[in-house]
Amino acid sequence: MTKLLEGKTVLVTGASAGIGRAAAIGAARHGADVAINFARDTDGADSAVAEIEALGQRGLAVQGDVADPETAKHFIARAVEEFGKIDVFVNNAGICPFHAFLDMPVETFERTMRVNLHGAYFMVQAAANQMVKQGHGGAIIAVSSISALVGGEYQTHYTPTKAGLHSLMQSTAIALGRHGIRCNSVLPGTILTDINKEDLADEAKRAYMAGRVPLGRLGQPDDLEGPIVFLASDLAKYVTGASLLVDGGAFVNLQ
Ligand SMILES: NC(=O)C1=CN([C@@H]2O[C@H](COP(=O)(O)OP(=O)(O)OC[C@H]3O[C@@H](n4cnc5c(N)ncnc54)[C@H](O)[C@@H]3O)[C@@H](O)[C@H]2O)C=CC1
Ligand SMILES: C[C@H](O)[C@@H]1OC(=O)[C@H](O)[C@@H]1O
């Protein structure tokens, strides 16, 4: 297998499980040393690092709540201390506490904004500052969503954060292009992870969601591995400000 990220250092937020973990392991499989941020799941973070190391790469887990702007500075600083530089930053951490619109609790709305959007802003800013300081460019990838493009009845607090991430990558692509830093997003469809375990425990909803996918199944975290590695790699050296749907065709499936 051609390794696409040989010699690179990759950072991923919220990577103790799900899509973030798949991105971290995928990067290691492609020859990168990987630092992961995680919120609370120490066992998940430790086992992700063990998997990275089993692939012959260096791994590092740094705990922190991305909603706190200080977490961003600390994560970048620890990764640089350990690996000497950062080449790729993947903003993945996110929450989606499904709730109806008319009685959305203020705390649920604000927490979702702070984790998904404010957290991403400060993380991307800290990563970009380090890349600018290093002077050899880099790649930033946001895990946005199909929900940046379409709505969800119980996601009125969530979909704006994903549209915001998509927009953030477009604006930072302009702000950072002169530094050789590429900024792109992936837009996953419905991927089976902890974020939607409860929602998709409803068999009827799960079957409906799967039925909307032309490729005939809901996604798995490793479906994001290739698209994220591609955008991180030099194969995508002229790709910036772009977004890549990874949804099995769900978005285009009107009828
Ligand atoms: N599963 C899906 O269908 C889709 C997921 N996404 C996005 O993918 C990203 C990853 O989600 P999944 O892997 O699906 O779910 P997940 O629940 O397995 O992963 C989310 C990760 O973010 C971490 N996290 C949550 N709050 C955090 C905080 N305050 N600080 C640090 N880490 C925090 C969690 O600990 C977890 O590791 C999220 O941004 C989500 O919005 C986007 C489209 C579809
Ligand atoms: C949590 C949802 O199941 C998931 O997240 C998204 O961004 C999409 O709306 C997916 O359906």
Side-chain angles (χ1 to χ4, degrees), residues 11-26 36-48 61-72 74-75 90-99 108 110-120 122-124 141-166 168-169 185-202 205-206 208-210 212-213 217-225 227-228 243-248 250-251:
L11 275 62
V12 189
T13 64
S16 56
I19 293 170
R21 184 188 178 104
I25 304 301
I36 65 168
N37 149 272
F38 71 102
R40 282 175 300 274
D41 179 7
T42 308
D43 289 348
D46 287 348
S47 75
V62 185
Q63 188 164 14
D65 177 353
V66 298
D68 177 355
E70 288 305 310
T71 297
H74 180 61
F75 183 38
V90 182
N91 192 89
N92 167 76
I95 56 172
C96 181
F98 284 74
H99 204 286
T108 306
E110 288 188 340
R111 179 69 184 159
T112 305
M113 287 284 162
R114 287 198 187 286
V115 172
N116 294 9
L117 191 53
H118 297 209
F122 293 116
M123 275 287 179
V124 168
I141 296 137
V143 180
S144 172
S145 171
I146 188 174
S147 299
L149 310 177
V150 290
E153 179 176 356
Y154 297 99
Q155 295 175 304
T156 57
H157 51 326
Y158 172 80
T159 60
T161 68
K162 292 292 149 177
L165 273 177
H166 174 54
L168 178 64
M169 288 301 99
S185 55
V186 288
L187 313 184
T190 300
I191 312 296
L192 295 166
T193 67
D194 289 346
I195 208 170
N196 49 30
K197 211 175 219 163
E198 210 178 304
D199 185 51
L200 297 176
D202 175 347
K205 176 157 187 188
R206 192 181 171 117
Y208 168 75
M209 295 303 284
R212 290 181 51 82
V213 182
R217 64 172 175 87
L218 296 176
Q220 294 292 338
D222 72 355
D223 288 319
L224 270 300
E225 185 179 316
I228 291 174
S243 52
L244 180 52
L245 270 164
V246 188
D247 66 344
F251 177 72

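First listed ligand is number 1; within each ligand, the first listed atom is number 1. Quick caveat, the model's predicted, so the values are computed rather than measured.
Between N92, V115, V90, T193, it is N92 that holds the heavy atom closest to atom 38 (C) of ligand 1. Nearest-heavy-atom check against atom 16 (P) of ligand 1 across I195, L224, D65, I95 picks out I195. Comparing L187, I191, D194 against atom 2 (C) of ligand 1, the shortest heavy-atom distance belongs to I191.
If you check which protein heavy atom lies closest to atom 5 (O) of ligand 2, you get Y158 OH, 3.3 Å. For atom 44 (C) of ligand 1, the nearest protein heavy atom (residue, atom name, distance) is G189 O, 2.8 Å. The single protein non-hydrogen atom nearest to atom 8 (C) of ligand 2 is S147 OG, 3.3 Å, given as residue, atom name and distance. For atom 5 (C) of ligand 1, the closest non-hydrogen atom on the protein side is I19 CD1, 3.7 Å. Of the protein's heavy atoms, T190 OG1, 2.9 Å lies nearest to atom 11 (O) of ligand 2.
Contacts of Q155 with ligand 2, taken as heavy-atom pairs under 4.0 Å, involve the side chain alone.
Within ligand 1, counting atoms from 1 as listed, the ones closer than 4.0 Å to a heavy atom of S144 are 42 (C), 43 (C). Numbered from 1 in the order shown, with element, the atoms of ligand 1 that lie under 4.0 Å from a heavy atom of R111 read 29 (N). The ligand atoms of ligand 1 that sit less than 4.0 angstrom from a heavy atom of N37 are 31 (C), 32 (N).
A salt bridge does not link D41 with R21: every distance from a Lys NZ or Arg NE/NH1/NH2 to an Asp or Glu carboxylate oxygen is 4.0 Å or more.
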